[in-house]
Number of protein chains: 2
Amino acid sequence: MSVTIKDIAKAADVSLATVSRVLNGSGYVKETTREKVHDAIKQLHYTPSAIARSLSTNKTNTIGVIIPDINNPFFGEVIKGITQVADEHQLNIILCDTDDCKEKELKAIKLLREQRIEGILMTPTYGEEAHDSAYMSTLDNLGIPVILMDGHVKYANYSGVFIDHVQGAYDGVEALIHAGHEKIAIINGRLDSRPAKERFLGYKKALNKYAIPLHEQYIFNGEYDHERAYTMTKKILLLEDRPTAIFVSNNLSMLGCVKALNEQSLSIPDDMAILGFDKVDALNIIGMNISFINGPTTLMGKTGMNMLIESLEKQKDVHMRELKQITLLPELHLKGSEKKSV
Amino acid sequence: MSVTIKDIAKAADVSLATVSRVLNGSGYVKETTREKVHDAIKQLHYTPSAIARSLSTNKTNTIGVIIPDINNPFFGEVIKGITQVADEHQLNIILCDTDDCKEKELKAIKLLREQRIEGILMTPTYGEEAHDSAYMSTLDNLGIPVILMDGHVKYANYSGVFIDHVQGAYDGVEALIHAGHEKIAIINGRLDSRPAKERFLGYKKALNKYAIPLHEQYIFNGEYDHERAYTMTKKILLLEDRPTAIFVSNNLSMLGCVKALNEQSLSIPDDMAILGFDKVDALNIIGMNISFINGPTTLMGKTGMNMLIESLEKQKDVHMRELKQITLLPELHLKGSEKKSV
DNA sequence: CTGAAAGCGCTAACAA
DNA sequence: TTGTTAGCGCTTTCAG
């Protein structure tokens, strides 16, 4: 079917081994021979088969990346970071989107194993209850390096890059407090997800630090999506002792919150101060000036990829599993919306 | 290194062929034998090697997807459509992001060829000037089916799914006209890209149909990004004979335009009617009610994938290249912003 | 500097 | 119903 190294050998009147040598730049090849081979390659439109090469060398130079949702700009940026480093190291990546669904995640892992990828970089499905023993067992028996990116896998310690959601949330809420807020509501995700749990913790720590009591009616845990955030915001606006600020702990939720405020023509921050976690580019660009805590997305991707490359190399030397965890600090971007109206 | 079919054969005390048979469900295998083999597979945590299988069968069941920017939600949706169909047909996909850069695109094609993918689904780099003869030649010599998705490759006819930007723009602008607008500005991309050219054409056709003269000062062609759109919008707002509506022909541009309007506290549509091409989810959700023409993204992905699968099958039968082009119509979503203030 | 040949893990005739 | 064997395209000793 397609042209092979054999055809090239024939055309250039050399042996297979010689063609292979010029292809890989390995071993000695006379200059004129090299040229003959190159000519044949051009002539015949030859492209080496990564498949055959992989089988022969037992290396694929490919790593698997598993993330919950490509369409979330957060992960879009993470991917940019990953591919950047991968490109520099001539590593191919196979990208798998799990739709935040455990079954798809397991399927992806299976696929990647079949493809004989050399390592995995992943953000596991968020819900921790999803991590049963079968799940953990596949992860443990992978036999290749796994680097986590900001996800949480119950009962296990894996190497990875993590974001300090606690500190991020703390810093943000503290900024609200410094600006004079005391009645601060929170719209949060499910507490069995690491990010939601930690962000909530940061919120509580900040309030606690400044001796502000926690009001149950200001706390809204749920799912990270805009519909719920919309409903929650409307409830918040109806509270008797209405908060002066809302900490919206997720980018998707932010949209629902802003929608609710818009509907009642409440302006940010004059009628309600808003602090977000993870940025919403569109809202920033159009000038809504919502203050937000921003996870280091691209950096996380780069760091994760570098860690993976490192453990790929280590793997050769010794036969041990090393645990390494790097924590990245989110940045606080104050855009004026943390302020309290005067 | 990793466990192979041979280990399984040994463990189950059968031949390689038998293991292969139970793996593929091909040929006859006695029930008890099958079980023995399955047991061995479980025991040894065996995962078949797609690499070896591909080499042997000369099939990879993998197709390449090349798009300019994963982070653009437009393509995010396209990808969802593609993967959905691919999943149904058990096809793997290798996703390549070109950053809208010709070099990366060529590199991606090379990579995919090496991986022996069976077909390509792509949105080529937009700028047509990028399509020189070398580029065209690699595309032509691919030897596998290529399906285009809404891109334009100069001087060549490829099969693909296309969006009728002309009609989409026409419908949208017509809606503005019906609502009473005559002074309609356009913020557009580079005219050497197919979408920009066609959207511009639709704009002109609509004006022409209703005998509205074209005003040069209302026409802003440039690049599809929010900074330029911002600048353009500010210029539009300074025009002596200020338009009453703006057709913003791209989702990125929309952000810059809205920013400029916000800065001057101009409300949509009372102070300025706005029509967009391609939706901006965030703005919709928060309730900005911008009217827009929406390209059928997911549908395009699905259709493209289906076309590719079809030509993959056809390829076996006869040895001919069939040209097939499907055009999808964008939908007009009127959200009130097409109206003229009273 | 170059060639011959074994082998990577699997499939697919062909025999048995 | 099962086993034997010849490749798939390439790399890599080991000889020459």
Side-chain angles (χ1 to χ4, degrees), chain A residues 1-38 40-41 44-62 92 111-118 143, chain B residues 1-38 40-41 44-62 92 110-118 143-144:
Chain A
M1 151 137 197
S2 99
V3 23
T4 78
I5 209 177
K6 202 169 163 185
D7 302 313
I8 304 297
K10 200 171 295 173
D13 195 34
V14 295
S15 73
L16 303 187
T18 303
V19 179
S20 180
R21 283 192 197 97
V22 345
L23 244 32
N24 302 297
S26 61
Y28 299 86
V29 182
K30 209 202 301 174
E31 192 48 36
T32 57
T33 318
R34 183 187 309 283
E35 277 166 16
K36 267 198 304 183
V37 173
H38 274 138
I41 289 176
L44 302 176
H45 290 294
Y46 170 72
T47 309
S49 159
I51 311 269
R53 177 177 295 165
S54 292
L55 185 62
S56 182
T57 58
N58 197 26
K59 285 182 62 22
T60 55
N61 293 319
T62 302
N92 305 321
L111 169 78
L112 293 174
R113 283 197 5 130
E114 291 184 353
Q115 301 293 338
R116 295 294 188 264
I117 46 114
E118 297 175 3
Chain B
M1 153 142 197
S2 99
V3 24
T4 76
I5 209 177
K6 203 168 160 186
D7 302 313
I8 304 298
K10 199 171 297 173
D13 194 34
V14 294
S15 72
L16 302 186
T18 303
V19 179
S20 179
R21 282 192 197 97
V22 346
L23 244 31
N24 302 296
S26 61
Y28 299 86
V29 182
K30 211 203 300 176
E31 191 49 35
T32 59
T33 318
R34 184 189 308 284
E35 276 167 16
K36 268 197 302 182
V37 172
H38 273 139
I41 289 177
L44 303 176
H45 290 295
Y46 170 72
T47 311
S49 160
I51 311 271
R53 176 177 296 165
S54 293
L55 185 61
S56 182
T57 58
N58 197 26
K59 284 182 63 20
T60 55
N61 293 320
T62 302
N92 304 320
K110 183 164 166 254
L111 169 78
L112 293 174
R113 283 197 6 130
E114 291 183 352
Q115 300 293 340
R116 296 295 188 260
I117 46 115
E118 297 175 4
I144 52 174

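Order of the sequence lines fixes the chain letters, A, B, ..., with proteins taken first and strands second; residue numbering starts at 1 for each chain. Computation of the quantities below employed the complete heavy-atom set of this structure, encompassing side-chain atoms and omitting hydrogens, waters and symmetry-equivalent molecules. The structure presented is a predicted model; accordingly, all values stated were derived computationally and were not measured.
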NA contact type, B/Val19, heavy-atom cut-off 4.0 Å: base, sugar-phosphate, or nothing?
nothing

Report yes if at least one side-chain N or O of [X] is closer than 4.0 Å to OP1 or OP2 of [N]; otherwise report no.
| X | N | value |
| --- | --- | --- |
| B/Tyr28 | D/dG3 | no |
| A/Ser20 | D/dT11 | yes |
| A/Ser15 | C/dG3 | yes |

Passes side chain to side chain contact (heavy atoms under 4.5 Å, CB included), A/Gln115 versus B/Asn92? Steps please.
CA-CA 10 Å; A/Gln115 301 293 338; B/Asn92 304 320; 3.4 Å; yes

Quick one: [X] [atom1] to [N] [atom2], roughly how many Å, whole number?
| X | N | atom1 | atom2 | value |
| --- | --- | --- | --- | --- |
| A/Asp7 | D/dG9 | CG | P | 9 Å |
| A/Arg34 | C/dT2 | CZ | P | 9 Å |
| B/Asn61 | C/dT11 | CG | P | 12 Å |
| B/Ile51 | D/dG9 | CD1 | C1' | 13 Å |
| B/Glu35 | D/dT1 | CD | P | 14 Å |
| B/Asn24 | C/dC10 | CG | C1' | 9 Å |
| A/Asn58 | D/dC10 | CG | P | 17 Å |
| A/Leu55 | D/dT11 | CG | P | 11 Å |

When you compare the side chain of A/Leu55 with that of A/Ile51, does any pair of heavy atoms fall below 4.5 Å?
no

Report yes if some heavy atom in the side chain of A/Val22 is under 4.5 Å from a heavy atom in the side chain of A/His38; otherwise report no.
yes

Using the C1' atoms of the five pairs at each end, what is the angle between the end axes of the helix from C/dC1-D/dG16 to C/dA16-D/dT1, to 10°?
40°

So, does [X] use its side chain to make a donor-acceptor pair with the main chain of [Y] at under 3.5 Å?
| X | Y | result |
| --- | --- | --- |
| B/Glu118 | B/Asn61 | yes |
| B/Ser54 | B/Ala50 | yes |
| A/Thr57 | A/Arg53 | yes |

[X], nearest nucleotide to its side chain (from [options]):
| X | options | answer |
| --- | --- | --- |
| B/Ala52 | C/dT2, D/dC10, C/dG9 | C/dG9 |
| A/Ile5 | D/dC10, D/dG7, C/dG3 | D/dC10 |
| A/Pro48 | C/dC8, D/dC10, C/dC10 | D/dC10 |
| B/Ser49 | C/dA12, D/dG9, C/dC10 | C/dC10 |
| B/Thr33 | D/dG9, D/dT1, C/dA12 | D/dT1 |
| A/Ser56 | D/dT11, C/dT11, C/dC1 | D/dT11 |
| A/Ala17 | C/dG9, C/dA4, C/dC10 | C/dA4 |

Using the side chain to side chain contact (heavy atoms under 4.5 Å, CB included) rule, take B/Ile8 and B/Leu23 through it: C-alpha gap first, then chi angles, then the decisive distance, then the call.
CA-CA 11 Å; B/Ile8 304 298; B/Leu23 244 31; over 6 Å; no

Give every pair of a protein N or O atom and an N or O atom of nucleotides 14-16 of chain D that lie under 3.5 Å apart, one pair per line with the distance.
none

Looking at [X] and [Y], what are the two nearest heavy atoms and their distance?
| X | Y | value |
| --- | --- | --- |
| B/Ala9 | B/Leu16 | CB-CD2, 3.8 Å |
| A/Thr33 | A/Val29 | CB-CG1, 3.9 Å |
| B/Ala52 | B/Ser49 | N-OG, 3.0 Å |

Heavy-atom nearest nucleotide on DNA chain D for B/Val29 versus A/Arg53: which residue maps closer to 5'?
B/Val29

